[in-house]
Number of protein chains: 2
Amino acid sequence: MFVAWLRELEIKHLAALEAVASAGTFARAAERLGYTQSAVSQQIASLERIVGERVFDRPGGPRPVTLTPLGERLLAHGRDLLHRVDALARDLERFRLGEVGRLTVGAYQSVCSAVLPAVVGRLYRDHPELELRVAERDDDDVMLAELADGSLDVGFVVGPVGAPVATRHLLDDPFVLLSRPGQFPPGPVRIADLHGQPMIGQHGYSCQLLNESGLRSVGLEPTYVFRSNDNGTVAAMVRAGMGVAILPLLCVDLEDRRIELHPLEPVIPGRTVALAWRTDRTLGAAAQQFIAVTVEVCGSLAERLAAVA
Amino acid sequence: MFVAWLRELEIKHLAALEAVASAGTFARAAERLGYTQSAVSQQIASLERIVGERVFDRPGGPRPVTLTPLGERLLAHGRDLLHRVDALARDLERFRLGEVGRLTVGAYQSVCSAVLPAVVGRLYRDHPELELRVAERDDDDVMLAELADGSLDVGFVVGPVGAPVATRHLLDDPFVLLSRPGQFPPGPVRIADLHGQPMIGQHGYSCQLLNESGLRSVGLEPTYVFRSNDNGTVAAMVRAGMGVAILPLLCVDLEDRRIELHPLEPVIPGRTVALAWRTDRTLGAAAQQFIAVTVEVCGSLAERLAAVA
DNA sequence: CACAATGATCAGCTAGCCTGATGTTCGTGG
DNA sequence: CCACGAACATCAGGCTAGCTGATCATTGTG
């Protein structure tokens, strides 16, 4: 892919060239580079052997050396390269500090609306140059597959998963009943009382399956009259009186006064929201920060949720 | 001027990184680079020591290695640098062949109009990407000074000059008499016959001084009624009948039928046009080509001049 | 469970590179 | 005209970085 000749050219040579050219003297260049004059002399000689011609005219005696035309042209390229190496170093340093970098996150809709805004906001506030991508995925398996093939750096998942991924538990997200205000007396609603009640649900992905199996385990066979994965649509249908819905608390807009929330009795196993990433791949600083910030954000979020349910 | 850390980073490391990343395994990368697997392993280890983190995740066993986020970012920079080194090599090669490069030439007005167009035309025809600059200088001393300080790469000069410059003789440029058609009988004009004749000359630079000293050495004290360094102006004044002019043949537009040329008798020492350049500085390929082409162009030009004078 | 593929590691050697001393060239001041 | 100083080249010597070849550890595969 790359050229054959000039293979021995190294950055060191260009640095020596630059130093001598701008110092005017081998000895001063050596001093600046922290070498002896002899070393610089040999480095330039090596460079000249590589390019096949002299890059400096040495007038001899105490007169300063000057670049040959070829040396001048080489130096123009060399300065450019040195500046780019410099930029590389600075960029790498910022990357290691998590100030720059690209990060692709996978998340459910509920996480996207309830958790991510706060996380993204804090990350951008601290490091405005991060390149964050959020991919909305509603299926745990899709999420894990994309985590595995590298499309995602980190992803929010529902349950504890096996696979070669690490997970960090974030919060417990209990199922709650959504109803029209006044439809049920305040306080917990007994699942048994929901027999025959028309229900609104999501399509058959991870948390909906968890939902249904929870209900069945306490003897309720739910009747769904509408399914949507858009939480706003589900809430709207509840408001419209089409039925009630059992949703993870995170899927609910807590500010919406036109619906009412009720804990369930008995409590069915709610989903646990966790963050997952591959353990066999090194995490970038940006990803580590994302995890840390997310853990913190979810910590305070969990407190607020506990107050509701 | 440049950064402190990352000083040990060399192009070799980036080449190894690129090779491994695109080959997927250390062994194949080694094969491509002409090293052993062990060498590549150590090069990557060295790179990782320099940047302070792993750049590859090694899953172990026969699975391909993958870049870490930091490795990916480093590689993006690295590929850019490698391409630039590649471009550097190609550019240097073209420079050595004289296909590209910058060349600044100093020349008198007469040379500019009589010699340079042909030279420049041929150079551009062969190497369209050369960057030629022509600086019109009417004074030999100025020319030599600028040659000395590097402002000019090569310069046209009149006489053989000492200084630390080499000169290449190009052609002899005899002085001729310009007159209105019919003002003198065809053929040579005797200088003695010009006594009292109003004359038009140039200002006191190199070739005008040579001119006047030549005339005085054969007993003529010229009377100048007008001086201009613009050869077209001098010719116009001759046409207007203001006087006659003695000019180097190169300063005359041979196609202008409204003036007549006469050799002088006796012949006074004409100027010799030569090309000069510093001997203590290496010449670029472009300069060498310029000299070669100029010598050739002047060779055929000399023949045509001989036919006139 | 043996085998193959892959990277890490180690020992040993070579070559490149740096240092310190010395040689050579040239301008400068007396 | 000469001695001195400044500046680069060169040489010898030592050190180390880097390469080779062999071996080890790990892991997927038949």
Side-chain angles (χ1 to χ4, degrees), chain A residues 6-17 19-51 53-68 71 148 163-164 278-282, chain B residues 6-17 19-51 53-68 71 148 163-164 278-282:
Chain A
L6 217 63
R7 277 275 262 285
E8 307 173 64
L9 182 70
E10 292 296 351
I11 293 172
K12 179 195 313 182
H13 294 127
L14 299 176
L17 178 71
V20 173
S22 66
T25 265
F26 281 43
R28 267 198 297 277
E31 187 181 7
R32 173 189 310 186
L33 292 171
Y35 289 130
T36 60
Q37 173 259 315
S38 174
V40 173
S41 209
Q42 292 174 62
Q43 284 182 356
I44 296 296
S46 161
L47 175 60
E48 289 173 332
R49 189 177 47 74
I50 292 169
V51 300
E53 282 184 35
R54 290 246 151 163
V55 296
F56 285 109
D57 280 315
R58 289 88 153 166
R63 285 169 299 181
V65 296
T66 56
L67 288 161
T68 63
R278 292 187 61 160
T279 48
D280 56 351
R281 297 274 180 100
T282 304
Chain B
L6 217 63
R7 276 278 261 285
E8 307 173 63
L9 182 70
E10 292 294 350
I11 293 172
K12 180 196 310 183
H13 294 128
L14 299 176
L17 178 71
V20 174
S22 65
T25 79
F26 282 43
R28 268 199 297 280
E31 188 181 7
R32 174 190 308 185
L33 292 171
Y35 289 129
T36 60
Q37 173 260 315
S38 174
V40 172
S41 209
Q42 292 174 62
Q43 284 182 358
I44 296 295
S46 162
L47 175 60
E48 289 173 331
R49 189 177 46 75
I50 292 170
V51 300
E53 283 184 34
R54 291 246 152 165
V55 297
F56 285 109
D57 281 315
R58 289 88 153 168
R63 285 170 299 182
V65 296
T66 56
L67 288 161
T68 63
R278 290 188 63 160
T279 47
D280 55 352
R281 296 274 179 99
T282 305

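Protein chains get the first letters and strands the later ones, always in sequence-line order, with residue 1 at the start of each.
- When atom types are taken as modelled, the side chain of B/E48 and the backbone of B/V55 share a donor-acceptor pair closer than 3.5 angstrom.
- Atom CZ in B/R54 sits about 12 Å away from atom P in C/dG7, given to the nearest Å.
- Out of D/dG18, D/dT20, D/dA9, the shortest distance to the side chain of A/R58 is found at D/dA9.
- Within the 4.0 Å cut-off from OP1 or OP2 of C/dG27, at least one side-chain nitrogen or oxygen of A/R63 is found.
- Note: CD (A/Q43) to P (D/dT10) measures 16 Å, nearest angstrom.
- In this structure, the separation between OG1 on B/T68 and CZ on B/R58 is 9.0 Å, given to the nearest 0.5 Å.
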Inset, instruction - Go through the steps for B/V20 and B/L67 under the test side chain to side chain contact (heavy atoms under 4.5 Å, CB included), then give the verdict. - result: CA-CA 9 Å; B/V20 174; B/L67 288 161; over 6 Å; no
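- When the P atom of D/dA9 is taken as reference, atom CZ of A/R49 falls 15 Å away, rounded to whole Å.
- For the pair A/E8 CD and D/dC19 P, the computed distance is 12 Å after rounding to whole Å.
- With rounding to whole Å, A/F26 atom CZ is found 15 Å from C/dT24 atom C1'.
- For A/E48 and D/dT10, the CD to C1' distance is 15 Å, given to the nearest whole Å.
- In this structure, A/E31 places its CD atom where only 12 or fewer heavy-atom neighbours from other residues, nucleotides or ligands lie under 6.0 Å away.
- Of the side-chain N and O atoms in A/T25, one or more sit less than 4.0 angstrom from OP1 or OP2 of D/dC8.
- As judged by a 4.0 angstrom heavy-atom cut-off over every strand, B/V40 is placed among residues making no nucleic acid contact.
- Residue A/A39 is in base contact, counting any heavy-atom pair closer than 4.0 Å across all strands shown.
- Backbone-only engagement by A/P59 is indicated by non-hydrogen atom pairs under 4.0 Å involving sugar-phosphate atoms exclusively.
- Position along DNA chain C of the nearest nucleotide to A/H13 versus A/S38 favours A/H13 as the more 5'-ward residue.
- Taking every side-chain heavy atom of B/Y35 into account, D/dT20 is the closest of D/dA9, D/dT20, D/dT27.
- Dashed line: the shortest gap from a side-chain N or O of A/S41 to OP1 or OP2 of D/dA9 is under 4.0 Å.
- Toward the 5' end of DNA chain C, the nearer of the two residues A/G60 and A/K12, judged by each one's closest nucleotide, is A/K12.
- Here C/dC17 presents its P atom at 13 Å from CD1 of A/I44, a figure rounded to the nearest Å.
- Rounded to the nearest 0.5 Å, atoms CZ (A/R54) and CZ (B/R281) are 14.5 Å apart.
- Of the candidate nucleotides C/dG7, C/dG20, C/dC26, C/dC26 has the atom lying nearest to any side-chain atom of A/P62.
- Between the P atom of D/dG5 and the CD atom of A/Q37 lies a distance of 18 Å, rounded to the nearest Å.
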